[in-house]
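Okay, so here's the structure we're looking at.
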Amino acid sequence: MKKLLYPILLLSTVALAACGTTEAAAPAAPQPGTSGINITAQQNRVRAQKVDAVANLVPKAVRDTGKLTVGTTGNGTPPLSFRADDDKTVIGVETDIAQLVADVLGLELDLQATSWENLFLSVETGQYAAGFSNITVTEERKDKYDFATYRKDTIAFEVKKNRDVTVKEPKDIAGLKVGVGSGTNQEQILVRWDEQNKAAGLKPVEFQYFQNTTDYYLALQSGRIDAYAGPNPTAAYHVAVDGQTKIVGTVSGGGQIPADIAAMTKKGNGLAEPLRQAVQSVLANGQYAEVLKRWHLGNEAVEASRINPPGLPRK
């Protein structure tokens with residue numbers, strides 16, 4: 001019996017790690033071959049060449065190990081950092097970008113799957129040189145960590161394929177039934193939008209909450225909700241494998257504040273700059289774009305990697 005293309009996963013923190021909240025994993029999807037997405041253990045990852053000028057910037061303590069030890073939450077939701085169809089191999093866009101960075105630095109990628117909580121602790125103690133796990137830059141996190149950005153943190157609005165809806169601004173969701181995870185950044189954004197709409201005399205949003213992502217997609221397909229607002233990577237993957245929905249708008253994970261996904265390393269350990277330059281190298285040669293394309297995340301591409309940009313504000 002063939003395995004489903006989209007494995008059913010346990011409760012995942014990585015899908016909304018950028019938002020600092022949790023949501024249940026995404027649903028099962030159609031049989032293999034419908035989307036062209038490779039979820040086997042044989043990934044044939046895009047690889048990069050060592051760049052001596054960048055590799056020479058790596059702190060000696062890391063360079064001497066010959067490895068770039070990277071922490072990631074490998075039981076997450078596709079296409080971020082999740083298990084292949086062998087239920088062991090960690091794959092996804094996060095691991096692919098970590099591989100490119102390690103290649104440029106001339107280091108072997110030592111990928112360590114761990115929990116969300118342990119990821120931060122292990123980077124702080126130096127057990128892991130870096131974390132690649134859909135980590136959003138925040139002002140609070142910058143107290144302990146340095147960041148080198150490589151993706152935009154984006155929220156997507158997903159609707160049934162036959163719906164004539166576009167979401168660009170608050171008025172576009174007025175009067176709609178919208179599914180959204182409770183306590184998430186996207187809920188906070190939509191609540192603000194709804195308040196603006198009601199102040200302008202527009203119809204209120206009818207928010208719908210379910211137990212997990214599977215329930216949201218069933219509600220979307222049955223027409224019980226008009227749209228679902230969730231992390232763009234999850235939505236893009238679902239659109240690709242399910243074929244019954246489409247993305248009709250996106251917004252920054254910070255709302256009006258631009259939000260960035262970044263490689264995280266211990267503050268002041270000297271690794272942030274070589275990480276940034278490694279990302280810049282694969283940005284320039286097109287390999288970065290290849291990785292995003294294979295996971296349907298081209299709209300999250302950054303124009304340049306930055307160290308410690310303005311992060312989401314303290315709560």
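- Side-chain contact between I261 and I135: absent, with no pair of heavy atoms (C-beta onward) separated by less than 4.5 Å.
- With values rounded to the nearest 0.5 angstrom, I225 atom CD1 is found 10.5 Å from E206 atom CD.
- E158 places no side-chain N or O within donor-acceptor distance of the main-chain N or O of G230, the cut-off being under 3.5 Å.
- Atom CZ of R314 is separated from atom OG1 of T138 by 8.0 Å, given to the nearest 0.5 angstrom.
- Listed here is the closest heavy atom pair of N197 and K203: CB-O, 4.4 Å.
- Looking only at distances, a side-chain donor or acceptor of K246 sits under 3.5 Å from a matching main-chain atom of K161.
- A distance-only check finds no donor-acceptor pair linking the side chain of S281 to the backbone of Q277 [under 3.5 Å].
- Side-chain atoms of F82 and V90, non-hydrogen and from C-beta on, never get closer than 4.5 Å to each other.
- At least one donor-acceptor pair closer than 3.5 Å links the side chain of K142 to the backbone N or O of P309.
- Listed for the E187 side chain is no donor-acceptor partner under 3.5 Å among the backbone atoms of S182.
- Ionic pairing of K198 and E195 is not present here: no N-O contact between side-chain nitrogen and carboxylate oxygen is shorter than 4.0 angstrom.
- The distance from atom CD of Q42 to atom CG of D85, rounded to the nearest 0.5 Å, is 8.0 Å.
- Shown here are the side chain to side chain donor-acceptor pair (under 3.5 Å) partners of D172, two or more places apart in sequence or in another chain: there are none.
- When each of V123, N308, V137, L271 is paired with D146, the side chain to side chain contact (heavy atoms under 4.5 Å, CB included) condition holds for N308 and for no other.
- Using a 3.5 Å distance cut-off with no hydrogens or angles, the side chains of Q244 and Y217 do not pair a donor with an acceptor.
- Under the side chain to side chain donor-acceptor pair (under 3.5 Å) rule, D226 has a single partner from K160, K177, R163, which is R163.
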Would you be so kind as to tabulate the donor-acceptor pairs closer than 3.5 Å made by side chains of residues 250-260, with sequence neighbours excluded?
residue : atom : partner : partner atom : Å
S252    : OG   : G254    : N            : 3.1
S252    : OG   : I257    : O            : 2.9
S252    : OG   : A259    : N            : 3.1
D260    : OD2  : R306    : NH2          : 3.1

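- Looking at E300 and R151, a side-chain N of the basic residue comes within less than 4.0 Å of a carboxylate O on the acidic one, giving a salt bridge.
- In this structure, Y228 and Y216 have parallel ring planes: the angle between them is below the 30° cut-off, well short of the 60° mark.
- Side-chain atoms of V291 and Y288, non-hydrogen and from C-beta on, never get closer than 4.5 Å to each other.
- Put simply, the side chain of R224 reaches to within 4.5 Å of the side chain of F210, judged on heavy atoms.
- Atom CD of Q127 sits about 8.0 Å away from atom CG of L121, to the nearest 0.5 Å.
- Partners of K60 under the side chain to side chain contact (heavy atoms under 4.5 Å, CB included) rule, at least two apart in sequence or in another chain, are R63, D64.
- Side chains of D153 and T136: a donor-acceptor N/O pair is present below 3.5 angstrom, by distance only.
- The environment of Q196 atom CD is dense: over 12 non-hydrogen atoms of other residues, nucleotides or ligands sit within 6.0 angstrom.
- Using a 4.0 Å cut-off between charged side-chain N and carboxylate O, D96 and R294 make a salt bridge.
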**OP:** Please report the C-alpha distance between Y237 and L297 in whole Å, then the side-chain angles of each, then the deciding distance to 0.1 Å, and finally whether the side chain to side chain contact (heavy atoms under 4.5 Å, CB included) criterion is met.
**Re:** CA-CA 9 Å; Y237 191 89; L297 295 179; over 6 Å; no

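- Ring geometry, W193 versus F157: the interplanar angle falls under 30°, so the pair is classed parallel (tilted spans 30 to 60°).
- Taking the charged nitrogens against the carboxylate oxygens, R276 and E273 do have a contact shorter than 4.0 Å, which makes a salt bridge.
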Subject >> Stepwise salt bridge (Lys or Arg N to Asp or Glu O under 4.0 Å) test for K50 and D52 >> reply: CA-CA 6 Å; K50 179 182 179 182; D52 289 334; 3.8 Å; yes

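- If you check the side chains of S133 and T73, you find a donor sitting under 3.5 Å from an acceptor.
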Subject >> Residue pair Q99, R45: steps toward the side chain to side chain contact (heavy atoms under 4.5 Å, CB included) verdict >> reply: CA-CA 8 Å; Q99 181 68 72; R45 287 185 179 135; 3.5 Å; yes

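- For Q188, the CD atom is densely surrounded, since the number of other residues' heavy atoms within 6.0 Å is greater than 12.
- L68 and A129 make their closest contact through CD1-CB, 4.0 Å (heavy atoms, listed as atom of the first residue, atom of the second, distance).
- In this structure, the side chain of T72 engages the main chain of F132 through a donor-acceptor pair within 3.5 Å.
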